[in-house]
Amino acid sequence: MSNEQVADVVVVGAGICGSLLATRLARAGRSVLLLESGPRKSRGELVQRYRESAFKSDYMSPYPYSEMAPQPRFTPEPNHYLEQAGPNPFHAQYIRMFGGTTWHWAAQLWRFVPNDFRQHSLYGVGKDWPISYDELEDYYYQVEVIAGVGGEPDNGSPRAKPFPMERVPASYLQQRVTDRLAPDYRVIDDATGRNSRSYDGRPACCGNNNCMPICPIDAQYHGGLAAQEAEAAGVEVITEAVVYRLEHDDRGAISAVHYYDWQKNSHRVSGATVVLAANAIETPKLLLMSTSERFPNGIANASDNVGRHLCDHPAIKVSFDVDEPIWPGRGPVSPCSIGQFRDGDFRAEHAPFRIDISNGSKVASVTKELIAEGYHGRHLEEQVRYRAARRLAIKNAMEQLPDPNNRVTLSDKRDALGLPTPRLYWSIGEYERRGTQATRENYDRIAERLGATNVKHSADGAFSNRQHITGTLSMGDDPATSVTDRWGRAHDHDNLYMVGTGVMPTVGTCNVTLTAAALALRTADRILEETQHG
Amino acid sequence: MTDISRRRVIQMAGGFALTGVAGRWLAVPEALAAAEAPATDQMNDFLAISRQLTQNESLDENLAGALLQAGKLALADFDDRLARLKSLLSEQPQLLAQPTLAFGEAHAAEETLARDMLSGWYTGVVGSGEQAVYVTYLNSLSNQVVADTLVPPSFSYGPCGSWHRAP
């Protein structure tokens with residue numbers, strides 16, 4: 001391997017956003033080098049690892065772990081890769097592997113609602129985006145075509161064109177819950193990149209009910225497919241390449257990227273343009289590590305905004321047994337939701353939210369629950385059937401306002417390559433707590449409507465994050481309050497761009513990948529435009 | 001797909017393995033070599049107690065052997081506790097008359113083993129945390145209990161939309 005590679009564009013991170021951007025640039029004739037810190041694994045290997053895992057409820061369990069490119073792990077025991085410094089733990093899960101974190105997801109590909117982009121102007125809270133929904137609409141559609149997205153068209157996000165995919169038929173569970181909650185609650189099909197027919201060489205969903213942690217047949221789109229496509233388009237990929245420093249020249253432009261291979265040999269690569277796509281925690285970590293005399297606080301950090309405004313959806317859950325068998329576990333795991341609380345004047349007072357209804361099999365979880373309660377023999381088997389047939393689990397995707405104190409910094413710990421690990425500070429504010437109260441009231445109403453017994457809420461004050469990590473590389477027009485401009489370019493460095501969920505100034509009330517991917521394609525077009533004359 | 005064929009598919013596809021955790025994936029021969037082969041008497045005891053706990057007389061003997069091996073690998077004081085559990089249930093069979101286990105403080109260790117054995121049979125995993133050992137997936141009894149309606153996650157349910165009808 002050369003120790004001095006050159007490409008038109010160097011992309012750091014082979015997840016869904018970096019891969020989509022790299023593909024577009026390569027197809028336009030640019031030479032692209034894509035560096036990925038993790039290894040490459042096949043879908044077949046991952047499925048086998050899932051089936052042989054002792055921890056199937058941990059979505060990270062099928063994915064390989066290496067001390068050379070560590071990622072947060074929580075089973076069998078937490079590895080404490082992420083140092084928690086705030087009052088609320090932020091248990092981020094992300095995969096450092098060719099294809100990135102969307103190997104494990106439910107292919108939720110939602111658009112924001114238009115008012116999400118004007119939150120501050122309309123409701124006096126949070127931030128406005130530097131761009132509008134209309135500016136992103138066509139890019140939303142481009143990603144929807146790539147991924148084969150279908151869903152309920154009347155979901156609050158206007159469309160110029162129909163979904164490219166017909167929706168996946170509703171499960172029996174979804175039908176019963178929809179009927180029984182109407183008309184007070186409108187349960188709709190989620191927007192998902194899941195095939196209801198053969199599409200782009202991939203088969204229709206056949207109900208493996210394992211979208212998370214891995215679809216065994218690629219019936220849903222994911223970053224592994226995007227990364228393979230990048231390679232097929234001519235992108236040069238180097239895996240097990242852990243980028244540890246960005247080098248700049250006298251003008252402040254990024255002149256090189258330094259990475260370690262897994263034997264800790266250092267390599268230097270350079271490109272006219274550099275794009276960081278290493279997720280909303282690892283990218284700020286890299287920027288903060290890249291200090292110099294001229295940039296003592298790190299690259300792109302002149303205004304001390306790198307890593308700040310860490311947001312996710314602070315979620316609460318409820319589970320209960322419905323008064324009729326609905327049999328979760330037939331069809332996709334996350335097919336439907338309630339969207340009527342995503343927008344409205346109430347946003348001036350409390351956080352908006354969406355309510356997600358799970359269709360994941362509950363057999364394993366109720367079995368563990370019953371054995372813990374001491375059941376045995378035929379009573380155990382009767383109860384497994386009873387609870388597995390009736391158990392319904394619900395959680396919310398609630399918007400968190402950007403708060404500069406919620407942030408990613410560097411811890412004092414070092415990984416096996418001697419690189420700092422991330423430290424996170426995360427705190428849930430009063431706006432979100434009022435939204436949580438509103439969520440909880442709706443949970444109780446929903447449970448009552450479904451004749452619920454055995455109702456279990458999240459503990460008061462306990463929030464889980466939804467792995468929708470945003471804000472740490474926020475785009476904005478004002479360099480004093482943002483890291484990147486409206487195109488994802490660093491305010492401080494003309495040839496440095498960032499893509500991924502980190503550039504999103506707010507988190508909205510839906511899964512964030514579609515918005516991040518749409519922004520990534522928009523950034524790719526901007527790079528092509530800016531560099532077309534060489 | 002009929003209920004019968006779904007059960008048959010599961011039974012045919014299921015194999016047994018012993019897979020350690022913490023990044024170490026044991027091939028079956030390696031795991032078997034690591035565990036001392038159980039004596040026939042112990043195997044008989046394990047199977048008899050398992051039948052009492054599950055109230056299932058048709059437990060798979062090959063799976064029983066794999067679960068026993070896993071127990072010896074993953075559970076502390078397994079041999080002693082198994083012997084004590086055998087004695088306890090022999091002397092006080094009424095302990096299993098209630099729907100839930102309640103052996104009392106004096107026999108807490110035996111009750112814990114009973115739950116661990118039930119976990120092995122019903123979830124396919126023996127032990128917990130760093131000591132957890134995966135044994136089987138398709139053949140876990142909880143998957144068998146619902147096999148007329150569900151397939152274990154990651155296996156195909158049927159053609160797209162077949163889940164639309166009432167189960």
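Per chain, numbering begins at 1; letters A, B, ... match sequence-line order. This is a predicted model, so every value here is computed, not measured.
- In this structure, Arg51(A) is positioned above the aromatic face of Phe155(B), its NZ or CZ under 6.0 Å from the six-membered ring centre and within 45° of the axis.
- Here the closest heavy-atom approach between residue Ser140(B) and residue Tyr122(B) is recorded as CB-O, 3.4 Å.
- Proximity to chain B (any heavy atom under 4.5 Å) is shown, for Asn359(A), by neither the backbone nor the side chain.
- Chain B forms more heavy-atom pairs under 4.5 Å with one residue of Leu370(A), Val363(A), Val384(A) than with any other, namely Val363(A).
- Around CD of Gln98(B), the count of heavy atoms belonging to other residues, nucleotides or ligands within 6.0 Å does not exceed 12.
- Note: Tyr81(A) and Tyr94(A) have perpendicular aromatic rings, judged against thresholds of 30 and 60 degrees for the angle between ring planes.
- For chain A, the nearby part of Ser162(B) is the backbone; its heavy atoms alone come within less than 4.5 Å.
- Looking only at distances, a side-chain donor or acceptor of Asn79(A) sits under 3.5 Å from a matching main-chain atom of Arg73(A).
- Taking Val125(B), Asn56(B), Leu141(B), Thr123(B) one by one and counting their heavy-atom pairs under 4.5 Å with chain A, the maximum is reached by Val125(B).
- Contacts between residues 167-176 of chain A and chain B, defined by a heavy-atom separation under 4.5 Å, are made by Val168(A), Pro169(A), Ala170(A), Ser171(A), Tyr172(A), Gln175(A).
- Both the backbone and the side chain of Ser119(B) come within less than 4.5 Å of a heavy atom of chain A.
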Verdict with supporting geometry, Tyr137(B) and Ser154(B), side chain to side chain contact (heavy atoms under 4.5 Å, CB included): CA-CA 11 Å; Tyr137(B) 181 36; Ser154(B) 84; 4.0 Å; yes
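- Residues of residues 108-117 of chain B that come within less than 4.5 angstrom of chain A, heavy atom to heavy atom, are Arg115(B) in numerical order.
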Stepwise side chain to side chain contact (heavy atoms under 4.5 Å, CB included) test for Arg197(A) and Met165(A): CA-CA 8 Å; Arg197(A) 57 178 165 83; Met165(A) 176 65 65; 3.9 Å; yes
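- At least one donor-acceptor pair under 3.5 Å links the side chain of Gln220(A) to the backbone N or O of Trp105(A).
- By the 30° and 60° cut-offs, the orientation of the rings of Phe74(A) relative to His91(A) is perpendicular.
- No part of Pro325(A) comes within reach of chain B, as not one of its non-hydrogen atoms sits under 4.5 angstrom from that chain.
- Proximity to chain B is absent for every atom of Tyr65(A), based on heavy atoms less than 4.5 angstrom apart.
- Taking Gly161(B), Pro167(B), Gly124(B), Ser142(B) one by one and counting their heavy-atom pairs under 4.5 Å with chain A, the maximum is reached by Pro167(B).
- With a 4.5 Å cut-off on non-hydrogen atoms, Leu53(B) touches chain A through its backbone but not through its side chain.
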